[in-house]
Structures are given as structure tokens and as C-alpha cells.
Amino acid sequence: MTAPALTRELFGQADGTDVHRYTLGRPGGPVVRVLDYGGVIQSLEAPDREGRLGNVVLGFADLDGYVANNRPEADRVFLGAVIGRFANRIAGGTFTLDGVQYRVPLNNGKNSLHGGPAGFDTRVWSATEIRDGDGVAVRLTLVSPDGDQGYPGRLTAEVTYRLDPRDRLRITYRATTDAPTVVNLTNHTYWNLAGEGAGDVHEHRLEIAASRFCPTGDDLIPAGDPVPVEGTPFDFRRGVPIGTRVGEPDPQLVIGQGYDHNWVLDDGAPFAARAWDPGSGRLLTMWTTEPGLQFYSGNYLTANLTGTSGRPYHRGAGFALEAQHFPDSPNRPDFPSTVLRPGEVYHQETVFALTTADEPPVA
């Protein structure tokens with residue numbers, strides 16, 4: 001097998017700063033393209049059951065698409081981006097840490113979402129190319145100053161995208177701080193295993209290794225304790241086509257016009273999630289060290305977004321599997337903690353493998 005290669009090219013400029021695109025891949029195998037703007041996974045080509053390569057993630061063809069989507073007036077969709085400092089929602093844009101109340105920007109109704117209007121997805125990161133016996137990688141580094149978007153502490157974050165010798169995409173996150181803070185990082189890639197721009201993902205068969213999920217209030221903030229998925233449209237333990245129940249009149253589905261919830265991953269499961277597209281035969285398998293998985297069924301994607309293929313996106317054009325800690329954790333001491341203190345290291349890893357199968361996998 002040919003070793004994967006790593007190349008770099010100029011992709012444009014953001015506020016006068018050069019933005020580069022890094023390509024990791026090998027002939028006949030997966031090819032991943034990553035931007036140092038927002039840590040974006042711009043495209044990921046993978047073979048179908050016939051060996052034909054196709055891009056299976058949603059993205060924009062040029063930098064202008066990402067920059068325009070990140071303007072304050074835009075309905076941001078975070079295509080492929082690193083999310084920080086805090087992925088998901090913080091209720092009321094406030095939290096208390098060590099007796100001090102902090103306020104972060106409101107950009108999702110009465111809540112703060114994905115780090116605020118100028119989160120990590122809007123920044124140009126510093127990049128380091130890596131070539132070693134474990135494959136090829138690009139390491140992105142960002143220093144977030146004390147008070148950035150209202151968060152305390154100077155946070156140094158690293159996100160490494162590695163294509164390993166087994167053609168798996170391995171995403172490793174690391175962060176340190178000089179003062180107590182909260183941190184919750186993830187990647188917001190949207191997947192369509194039939195091919196980017198190929199239509200909706202409702203026929204994709206999805207499994208999530210979780211016996212519980214977090215129901216929410218009307219503001220998509222977790223309400224109460226996690227509850228069993230048994231007997232609800234949130235039971236994906238045996239593998240179900242995404243579109244089978246997405247339109248049911250279940251109150252939890254009505255709130256977000258589909259799935260946009262956190263699943264509590266089962267300890268000891270052989271994987272966190274996997275999805276299979278019957279048309280292409282592509283099978284996506286995901287593992288993570290994180291306790292939660294936010295599954296979002298692309299409910300608010302619209303035809304105003306034109307993808308890398310030149311085709312418009314519509315509702316359900318892709319789905320996101322965001323490995324992370326639970327939403328609103330800084331305000332929920334009963335949830336796994338997202339507090340990071342000086343001398344500690346935030347570390348998590350999520351791995352994606354793309355293979356093919358003629359039949360849906362059996363749970």
C-alpha cells in the first residue's frame with residue numbers, strides 16, 4: 001500500500017491573512033482536505049463499493065463561502081469546522097466558576113452557541129505539517145486570550161488531523177490554560193455518504209451506541225436527567241434509517257424540526273456510532289473518548305448554501321456526529337465536568353473509518 005502524502009496550497013485570504021489547504025491522502029484511498037481557517041474539513045473523498053471516489057462531507061468550494069457564512073448576520077451552519085471554546089449551548093450565556101459569574105455572547109436566542117459569534121471556527125490557526133511512521137498529519141494551534149468571547153483564562157488549543165496507515169481519520173484535541181476555565185471542543189463535519197450534494201441522508205442507516213439521551217426544552221437546553229431511548233424515536237441502538245422517524249410528532253422532534261440532541265454514549269461499546277448508505281455501500285464508523293454525541297440531522301440547511309459540487313443544499317443534505325461533553329455542562333454539576341485548570345491537560349480523540357459493505361451492519 002502506498003504511504004499517504006501531505007501537500008499544502010494557498011486557498012485565499014481572511015482579513016489579510018493567508019489561508020492554506022492541506023491535502024492528506026494516497027492514490028485509491030481516502031483523501032482529506034483541511035483548512036487552517038476554522039480547522040475546517042473542506043472535503044473527504046472515499047471509495048464506494050465499486051471503488052469510485054466521491055466527496056462525502058459538505059463544504060464550500062472557496063474561502064469566501066466560509067467567511068460569508070461566519071458573518072454575524074449569517075445563519076451559520078459551521079460546515080466542517082472546529083468548535084470552541086465551548087461546543088453546543090450554554091443557557092442564558094452565563095455560568096459560574098469558582099464563585100465568579102461569567103457572561104458569554106448570546107447568538108442562539110437566549111443562549112450562547114458554539115463559542116459565540118467569533119468562535120474558533122472563525123479564526124486562522126497556525127499549522128504544522130507532520131510526516132512520520134503513523135501516517136501524515138497537520139497540527140493546528142490557536143491561542144485564545146483571557147476574556148476571548150467572555151471566557152476566562154488564556155487557552156492554548158491544538159487540533160491534529162491525522163490520516164493513519166489504515167486510512168482512518170484521527171482527530172486529536174489538546175488544550176491548556178493559565179486560569180480556571182471551561183472547554184468543550186468538537187468537529188462539526190456534515191456527512192453524506194451518497195456523495196456531497198446528492199440529496200438528503202434520510203435513507204442512511206444510523207446506529208448510536210447509547211441507551212440514554214438528553215431531552216431538551218424549547219430552547220434545546222437539556223431539561224432534567226438523561227432518559228432511556230427505549231420506546232422512543234431516539235433509539236438507534238439497532239440501526240434505523242434517519243428519515244424513518246424524523247418527521248414524527250414527538251414533542252422532542254418538533255422542538256428542533258428533527259434531531260439535535262445529545263446521546264449519552266454507553267461505556268464499553270465497540271463503537272460510538274456508525275452509518276451506512278445503501279446506494280454507495282459506504283460505511284462510516286466512529287470511535288471517541290468523549291462521553292456524549294450530538295446527532296444533528298441537518299434540519300436547518302437551506303438551498304441558500306451552495307456546496308463544493310455547485311449544487312444547493314437542502315434540509316437533511318447532511319448529518320453531523322459531534323463527539324463532545326454534554327450541552328450546558330457548566331451549569332449542570334450532575335453532568336461530566338468541562339472545567340480545565342492550570343496544570344491540567346484537556347485531551348480527547350475521535351476516529352472515523354470509511355469502508356464499504358453490501359449489507360447493513362448487524363448490531
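Below, all heavy atoms of this structure are taken into account, side chains as well, without hydrogens, waters or symmetry copies.
Contact between Val57 and Gln42 at its shortest, heavy atoms only, is CG2-O, 3.9 Å. Nearest heavy-atom pair, Pro117 versus Thr122, reported as atom, atom and distance to 0.1 Å: O-CG2, 3.9 Å. Counting all heavy atoms, side chain and backbone alike, Ala209 lies closest to Ala269 at CB-CB, 3.6 Å. Here the closest non-hydrogen pair linking Ala118 and Gln149 is N-OE1, 3.2 Å. In terms of heavy-atom proximity, Thr288 sits nearest to Ala272 at CG2-CB, 3.9 Å. Counting all heavy atoms, side chain and backbone alike, Gly256 lies closest to Asn299 at O-ND2, 2.9 Å.
Neither side chain, Asn55 nor Glu45, offers a donor N or O lying under 3.5 Å from an acceptor on the other. A donor-acceptor pair shorter than 3.5 Å can be found between the side chains of Tyr346 and Gln348. Side-chain contact check for Ser329 and Thr338: no donor-acceptor pair (N or O, by modelled atom type) lies under 3.5 Å. Counting only N and O atoms by type, the side chains of Glu196 and Tyr313 include a donor and acceptor under 3.5 Å apart.
When the shell of 6.0 Å around CG of Asp132 is examined, it contains more than 12 heavy atoms from other residues, nucleotides or ligands. Dense packing is recorded around CZ of Arg131, with more than 12 heavy atoms of other residues, nucleotides or ligands lying under 6.0 Å away. When the shell of 6.0 Å around CG of Asp334 is examined, it contains more than 12 heavy atoms from other residues, nucleotides or ligands. Around CZ of Arg139, the count of heavy atoms belonging to other residues, nucleotides or ligands within 6.0 Å does not exceed 12. Within 6.0 Å of CD in Glu9 there are more than 12 heavy atoms belonging to other residues, nucleotides or ligands. Other residues, nucleotides and ligands contribute more than 12 heavy atoms inside 6.0 Å of the CG atom of Asp178.
Salt-bridge check for Arg332 with Asp328: failed, with every basic side-chain N at 4.0 Å or more from each acidic carboxylate O. Taking the charged nitrogens against the carboxylate oxygens, Arg123 and Asp15 have no contact shorter than 4.0 Å, which rules out a salt bridge. Ion pair Asp266/Arg212 not flagged as a salt bridge, since none of the NZ, NE, NH1 or NH2 atoms sits closer than 4.0 Å to an Asp/Glu carboxylate oxygen. With respect to the salt-bridge test (charged N to carboxylate O, under 4.0 angstrom), the residues Arg341 and Asp98 qualify. A salt bridge links Arg237 to Asp235: at least one charged side-chain nitrogen sits closer than 4.0 Å to a carboxylate oxygen. Of the charged side-chain nitrogens involved, none lies within less than 4.0 Å of a carboxylate oxygen, so that Arg85 and Asp148 do not count as a salt-bridged pair. Of the charged side-chain nitrogens involved, at least one lies within less than 4.0 Å of a carboxylate oxygen, so that Glu349 and Arg170 count as a salt-bridged pair.
In this structure, the separation between CG on Asp250 and CZ on Arg245 is 10.0 Å, given to the nearest 0.5 Å. Interatomic distance, Asp164 CG to Asp167 CG, rounded to the nearest 0.5 Å: 7.5 Å. Rounding to the nearest 0.5 Å gives a distance of 6.5 Å between CD1 of Ile208 and CG of Leu321. Rounding to the nearest 0.5 Å gives a distance of 7.0 Å between CG of Asp277 and CG of Asn192. Note that CG of Leu53 is 8.5 Å distant from CG of Asp48, once rounded to the nearest 0.5 Å. Separating the OG atom in Ser297 from the CZ atom in Phe319 is a distance of 10.5 Å, to the nearest 0.5 Å.
Remark: Phe11 engages no residue in a ring pair (Phe, Tyr, Trp, His ring centres under 6.0 Å) (not counting sequence neighbours).
Looking only at side-chain heavy atoms (C-beta outward), Arg154 and Val143 come within less than 4.5 Å of each other. Counting heavy atoms from C-beta on, the side chains of Asn111 and Leu106 never come closer than 4.5 Å. Using a 4.5 Å heavy-atom threshold, the side chains of Tyr161 and Asn187 count as touching. Taking 4.5 Å as the limit, every side-chain heavy atom of Glu207 sits out of range of all side-chain heavy atoms of Arg238. Using a 4.5 Å heavy-atom cutoff, the side chains of Val240 and Leu206 are not in contact. For the pair Pro222 and Asn262, the minimum side-chain heavy-atom distance is 4.5 Å or more. Between Pro342 and Pro180 there is a side-chain heavy-atom pair separated by less than 4.5 Å.
In this structure, Leu169 is a member of the same hydrophobic cluster as Val56, with clusters built from ILVMFWY side-chain heavy atoms closer than 4.5 Å.
Results of the side-chain contact (heavy atoms from CB on, under 4.5 Å) test with Leu79 over Asp121, Leu58, Ile41, Val40 single out Leu58 as the only residue that passes. Checked options Glu322, Gln324, His114; the residue passing with Asn88 is Gln324 (criterion: side chain to side chain donor-acceptor pair (under 3.5 Å)).
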Verdict with supporting geometry, Phe86 and Ile90, side chain to side chain contact (heavy atoms under 4.5 Å, CB included):
CA-CA 8 Å; Phe86 198 93; Ile90 295 179; 3.8 Å; yes

Can you list the steps and then say if Ser211 with Val264 is a side chain to side chain contact (heavy atoms under 4.5 Å, CB included)?
CA-CA 7 Å; Ser211 302; Val264 181; over 6 Å; no

Please report the C-alpha distance between Arg49 and Asp358 in whole Å, then the side-chain angles of each, then the deciding distance to 0.1 Å, and finally whether the salt bridge (Lys or Arg N to Asp or Glu O under 4.0 Å) criterion is met.
CA-CA 8 Å; Arg49 63 163 60 92; Asp358 290 330; 3.2 Å; yes

Please step through ring pair (Phe, Tyr, Trp, His ring centres under 6.0 Å) for the pair Trp125 and Tyr37, ending with a clear verdict.
CA-CA 6 Å; Trp125 296 57; Tyr37 177 84; over 10 Å; no

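A donor-acceptor contact shorter than 3.5 Å links the side chain of Tyr66 to the backbone of Phe60. Panel note: side chain Arg282, backbone Ala46; a donor-acceptor pair is recorded below 3.5 Å.
Between Phe352 and Trp287, the gap from one ring centroid to the other reaches at least 6.0 Å.
Applying the ring pair (Phe, Tyr, Trp, His ring centres under 6.0 Å) test to residues at least two apart or on different chains, the pairs with a partner in residues 232-254 are Phe213-Phe234, Phe234-Tyr259, Phe234-His261, Phe234-Trp263, Phe236-Tyr259, Phe236-Phe295.
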